[in-house]
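Single-structure report; data block below.
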Number of protein chains: 2
Amino acid sequence: MTQTETSVKIVLDRWNASIKSGDALISTLTDETFQKQIAPGKNRGIYLLGHLIAVHDDMLILLDMGEKLYPALAEPFIKSPDNVATPMPSVAELRAFWTKQCEVLKQKFDALTIDQWFEKHTAVSAEDFANEPHRNKLNIIITRTSHLQYHLGQLVLLK
Amino acid sequence: MTQTETSVKIVLDRWNASIKSGDALISTLTDETFQKQIAPGKNRGIYLLGHLIAVHDDMLILLDMGEKLYPALAEPFIKSPDNVATPMPSVAELRAFWTKQCEVLKQKFDALTIDQWFEKHTAVSAEDFANEPHRNKLNIIITRTSHLQYHLGQLVLLK
């Protein structure tokens, strides 16, 4: 295994392990618990679950892997702060979205070659990428793993 | 820049950016705020700050970079759960430890060559490493960045 192959492996391993932690945590929380705030005056569990799905959906765009699965989630879970008056899917629906999305992302990630992980992501221009080769697809996995861990540290407070 | 060099850069960039986020967050919280729990019945801010320093100290061992700076922190902040009866340094002391430690880690990380990042960390045997080359020093940075982000997502609730 080359150093480059090893690098891609450890980045994807960390993403997959983080998703697995998310799965385990989500499955321990009841639908009622997801309606609670993680701390007084802070986001509800349901908002964080929807937010994670919406952000992971955007990875499909950034990684040039096709259309979003759940584009309607961007409005309530990214563009808007948590608000009990905002119409949003049920926790049961969000659980199903999460599971389906994790499968789709895994399939698409597994299909990428090592070289493809070092291609530019879609939010950087070809000109900028020429000087900034670190703005690649692998970097999207790294930053979104950070984002996922940040919010898992919050969701766990609902236990 | 080779793919391997780019990989090391994006991993270290994410660590450094996470430390910078931690710095910014820690500086916005008062000493009094650090005494509060992040959510009812959960860890206090002071415990999480000490926990991060203790875990980062252990990176020095794992990365074969010398002795821990603050070995006394392992007992109250890793081996023990948060407890107001546990003797621990003041928030002011912990802030100073954090700042000093970040500087030391940065110096040591900056001094490593690309090849050194792909050497085994100290918690894996040479035999196991022969078959599992992903258990390298770069992987320690990836997993500890996840850990840091997880707890930053909690500390931010004190704002």
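Proteins come first, then strands; the chains are lettered A, B, ... in the order of their sequence lines, and each starts at number 1. These numbers were taken from a predicted model, which means no experiment stands behind them.
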**Request:** Go through the atoms of A:Val11 and report whether side chain, backbone, both or neither lie under 4.5 Å from a heavy atom of chain B.
**Result:** both
**Closest non-hydrogen atom pair, A:Ala85 against A:Asn83** = N-OD1, 2.8 Å
**Message:** Assigning hydrophobic clusters by single linkage (Ile, Leu, Val, Met, Phe, Trp, Tyr; side-chain heavy-atom cutoff under 4.5 Å), is A:Met1 placed with A:Ile10?
**Reply:** no
**Message:** Test side chain to side chain donor-acceptor pair (under 3.5 Å) on B:Thr33 and B:Thr30; report intermediate values, then the result.
**Reply:** CA-CA 5 Å; B:Thr33 302; B:Thr30 65; 2.8 Å; yes
**Request:** Look only at the side chain of A:Ser27 and the backbone of A:Ala24, and say whether a donor-acceptor pair between them is shorter than 3.5 Å.
**Result:** yes
**Request:** Only pairs at least two apart or in different chains count here, so list each side chain to side chain donor-acceptor pair (under 3.5 Å) that has a residue in residues 37-48 of chain A.
**Result:** A:Arg44-A:Asp82
**Item:** Neighbourhood of chain A inside residues 137-159 of chain B, taking heavy atoms under 4.5 Å as contact
**Value:** B:Leu138, B:Asn139, B:Ile142, B:Thr143, B:Thr145, B:Ser146, B:Gln149, B:Tyr150, B:Leu152, B:Gly153, B:Gln154, B:Val156, B:Leu157, B:Lys159
**Complete:** CD of A:Glu127 to NZ of A:Lys120, rounded to nearest 0.5 Å, is 8.5 Å
**Request:** Would you indicate whether the side-chain heavy atoms of B:Arg135 and B:His121 approach each other to under 4.5 Å?
**Result:** yes
**Prompt:** Quick one: what part of A:Thr2 sits under 4.5 Å from any heavy atom of chain B, side chain, backbone, both or neither?
**Reply:** neither
**Prompt:** Considering heavy atoms only, which positions within residues 87-117 of chain A lie below 4.5 Å of chain B?
**Reply:** A:Ile114, A:Asp115
**Residue pair B:Ile26 / B:Phe34, side-chain heavy-atom distance below 4.5 Å** = yes
**Straight-line distance of B:Asn16 CG to B:Leu12 CG, nearest 0.5 Å** = 6.5 Å
**Prompt:** Say you draw a straight line from NE2 of B:His134 to CZ of A:Arg14; how long is it, rounded to the nearest 0.5 Å?
**Reply:** 11.5 Å
**Asked** Distance from A:Asn136 atom CG to A:Phe118 atom CZ, nearest 0.5 Å?
**Response** 6.0 Å
**Fill in**
Against chain A, residues from residues 48-70 of chain B with at least one heavy atom under 4.5 Å, in numeric order, are none
**Item:** Distance (rounded to the nearest 0.5 Å) between A:Asp23 CG and A:Lys20 NZ
**Value:** 9.5 Å
**Message:** With no hydrogens and no angle check, just 3.5 Å: does a side-chain donor-acceptor pair link A:Thr4 and B:Thr4?
**Reply:** yes
